[in-house]
Amino acid sequence: MLTEWATVTRDRDNRVRAAVAAGVTKHRVSVLTGIARTTIDRILLDPIVSAGTSIGPSGGPNEH
């Protein structure tokens, strides 16, 4: 069960982007997932990520 949770959690941002692209409202995504609207907005504004690493120039405001 933990492996499944880790897989779904790792892919969370892609799933949120896909849902919104398919026409699900940000409000509905928030209600269904429990993810805050502000977090959904951040996910939609962030560059697409792969394995937890941002694509784009390094040293930007999203560096952790």
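By convention here, the first residue in the shown sequence is residue 1.
For the atom pair CD1 (I43) and CD1 (I35), the distance works out to 5.0 Å, reported to the nearest 0.5 Å. In this structure, CG on D11 lies 8.5 Å from OG1 on T7, to the nearest 0.5 angstrom. If you take CG on L32 and NE2 on H27, they are separated by 9.0 Å, rounding to the nearest 0.5 Å. For the atom pair CD1 (I40) and CZ (R17), the distance works out to 12.0 Å, reported to the nearest 0.5 Å.
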Subject >> Worked check of side-chain contact (heavy atoms from CB on, under 4.5 Å) between R12 and T39 >> reply: CA-CA 11 Å; R12 177 197 73 170; T39 301; 4.1 Å; yes
Subject >> side-chain contact (heavy atoms from CB on, under 4.5 Å) assessment of V16 paired with K26 >> reply: CA-CA 9 Å; V16 168; K26 291 187 287 186; over 6 Å; no
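D46 is listed as a side-chain neighbour of R42, based on a closest heavy-atom distance under 4.5 Å.
Here the side chain of T9 pairs a donor or acceptor atom with the backbone of W5 at under 3.5 angstrom.
By the criterion of side-chain heavy atoms lying less than 4.5 angstrom apart, applied directly or through intervening Ile, Leu, Val, Met, Phe, Trp or Tyr residues, V20 is grouped together with V24 in one hydrophobic cluster.
Within 6.0 Å of the CZ atom in R37, the count of heavy atoms belonging to other residues, nucleotides or ligands exceeds 12.
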